[in-house]
Amino acid sequence: MKTTFIALMASVVLVSCDPQTLEGIIGTLPTTTLSNEEVIAGLKEALNVGAKNAVSFTAKTDGFWKNPRIRIPFPPEAEKVKNTAINLGLIVQVEKFENTLNRAAEKASAEAVSVFATAIMNMTIQDGFNILKGDSTAATKFLKQNTTAQLTMKFSPIVQKAIDEVQLTSYWQPLAEAYNNAIIFTGGEPVNPDLNGYVTQKALDGLFYYVGVEEKKIRSDPAARVTELLKKVFGSVY
C-alpha cells in the first residue's frame, strides 16, 4: 500500500522532474495503472463531490440552526448583552435573533458552489501533488486557501440582504440598547458588533467543516467514493 502511494506521487510530479531522474525513480518502484491526468481528475472529482455535499448540508433549512456542530451562537463579544437581555425577560427576542443569524448563513451557503467549481477547475499539477502528500484534509485546505476571499465577497451582500429582509437589526437593537442602558448603572463598555462579518465568518467555518468531513470520508471509506474515477484513484492510494 505504501509503495503504491509513493508510485502515485512519482506519477503526479511527472511534468516537473528531469526525465533522467524520473526514470531512475520509477525504475525502483512498482508500476501504477493511473495516469497523471487520472490522478488530477480524481482529486478534482473528490473536491467537487465533497464541496457539493457540504453545500447541501449547510444551505438547507435548519442546516445551521439545528446542527450543534455549526450552529451560530450569540456573538461571543456580546455575550453580556444576551445575559442582560435574558435577565430582563427578553428570552424570545434572543432566540429570534440567533435563529435569524443561522438563516442568513444557510442562505449564503447556497452560493458557494460556483466559487468552489472555479477553484477546482484551476487546480494545477503541483496543487495535486501537495494534496496527495498532505494530511486528511489537505484538499479542504487547498479549497479554503483559494476560495475564502471570493466567498467572503460573495457571502457578505447575501448575509446583509438576509439581515435586512428579516429585520435582524430590529432584534439586535433592543437587545443592544437594553444592555447599553443597563451598563450605565453596572459599568462596562457599550457594544456594537459587526453582525455581517460575524455571520459571514461563521457561515464559512461551517461550510469548510463539512468539506473536511467529506474529504476524510472519501479518503477512508470506499462507500463514499461514489464514481468509478474516485474508486479507481483513491482505491489505488488507500
Side-chain angles (χ1 to χ4, degrees), residues 50-113 115-116 137 140 143-144 147-214 216-217:
K52 287 178 181 178
N53 286 345
V55 170
S56 71
F57 292 144
T58 57
K60 64 184 179 182
T61 300
D62 293 331
F64 276 81
W65 177 240
K66 291 189 177 180
N67 187 333
R69 288 187 175 88
I70 62 173
R71 184 177 183 274
I72 302 176
F74 209 92
E77 61 269 34
E79 192 66 26
K80 289 182 179 179
V81 180
K82 177 180 179 179
N83 294 336
T84 299
I86 290 174
N87 290 336
L88 292 172
L90 301 175
I91 298 174
V92 173
Q93 288 89 333
V94 168
E95 183 171 344
K96 284 182 178 180
F97 177 76
E98 291 185 326
N99 177 271
T100 307
L101 294 179
N102 286 272
R103 294 290 183 241
E106 290 162 7
K107 183 173 290 188
S109 294
E111 301 298 317
V113 174
V115 178
F116 283 157
T137 57
T140 301
L143 209 55
K144 188 173 185 177
T147 63
T148 294
Q150 298 97 311
L151 286 174
T152 299
M153 291 178 63
K154 200 171 185 71
F155 277 26
S156 184
I158 295 169
V159 169
Q160 189 61 52
K161 184 178 179 181
I163 287 174
D164 294 340
E165 283 179 352
V166 297
Q167 298 182 324
L168 182 55
T169 52
S170 69
Y171 302 131
W172 171 244
Q173 285 177 348
L175 296 177
E177 287 173 3
Y179 173 75
N180 289 338
N181 288 334
I183 64 173
I184 294 175
F185 305 101
T186 62
E189 294 293 326
V191 293
N192 184 28
D194 175 9
L195 293 180
N196 187 306
Y198 176 71
V199 175
T200 296
Q201 184 57 56
K202 286 296 183 181
L204 291 172
D205 290 345
L207 189 59
F208 283 117
Y209 169 80
Y210 273 107
V211 174
V213 168
E214 290 300 301
K216 289 177 182 178
K217 282 183 184 178

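In this text, all values refer to a predicted model and were calculated from it rather than measured experimentally. Here, residue 1 is the first one in the sequence, and each next residue gets the next number.
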Return the NZ to OG1 distance between Lys107 and Thr61, rounded to the nearest 0.5 Å. 10.0 Å
Given the rule in the side chain to side chain contact (heavy atoms under 4.5 Å, CB included) test, do Thr137 and Phe208 qualify, once you have shown the distances and angles that lead to the verdict? CA-CA 10 Å; Thr137 57; Phe208 283 117; over 6 Å; no
Glu98 and salt bridge (charged side-chain N to carboxylate O under 4.0 Å, His left out): which single residue from Arg103, Arg71, Lys66 fits? Arg71
Give me the atom names and distance for the closest heavy-atom approach of Ala182 to Thr84. CB-CG2, 3.9 Å
By the definition side chain to side chain contact (heavy atoms under 4.5 Å, CB included), identify the one residue from Thr58, Leu143, Asn53 that meets it with Val211. Leu143
Just by distance, with hydrogens left out, do Gln160 and Asp164 show a side-chain donor and acceptor under 3.5 Å apart? yes
I need the minimum non-hydrogen distance between Tyr198 and Pro73, along with the two atoms involved. OH-O, 2.7 Å
Verify, without hydrogens or angle tests, whether Asn99 (side chain) and Glu95 (backbone) share a donor-acceptor contact under 3.5 angstrom. no
Assess, by modelled atom type and distance only, whether the side chains of Asp205 and Gln201 contain a donor and an acceptor separated by less than 3.5 Å. yes
Which atom names give the shortest non-hydrogen contact between Ala105 and Ala203, and what distance separates them? CB-CB, 3.8 Å
List the atom of Gly206, the atom of Ile70, and the distance in Å for their closest heavy-atom pair. CA-CG2, 3.6 Å
Could you walk me through whether Phe97 and Leu195 pass the side chain to side chain contact (heavy atoms under 4.5 Å, CB included) test, one step at a time? CA-CA 11 Å; Phe97 177 76; Leu195 293 180; 3.6 Å; yes
From CG (Asn87) to NZ (Lys82), nearest 0.5 Å: 12.0 Å
Stepwise, does the side chain to side chain donor-acceptor pair (under 3.5 Å) test hold for Tyr210 with Asn67? CA-CA 12 Å; Tyr210 273 107; Asn67 187 333; 2.6 Å; yes
Can you measure from OG1 (Thr147) to CG (Leu207) and round to the nearest 0.5 angstrom? 8.0 Å
For residues 149-159, which residue pairs qualify under side-chain hydrogen bond (donor to acceptor under 3.5 Å, both in side chains), counting only residues two or more places apart or in two chains? Ser156-Asn196
Pair Lys52 + Glu214: basic N to acidic O under 4.0 Å: no
In sequence, state the C-alpha distance, the side-chain angles, and the governing distance for Val55 and Phe116, and then conclude on side chain to side chain contact (heavy atoms under 4.5 Å, CB included). CA-CA 10 Å; Val55 170; Phe116 283 157; 4.2 Å; yes
For Asp62, is there any backbone N or O sitting under 3.5 Å from a side-chain donor or acceptor partner on Glu106? yes
Would you say the side chain of Leu101 lies within less than 4.5 Å of the side chain of Phe64, judging by non-hydrogen atoms? no
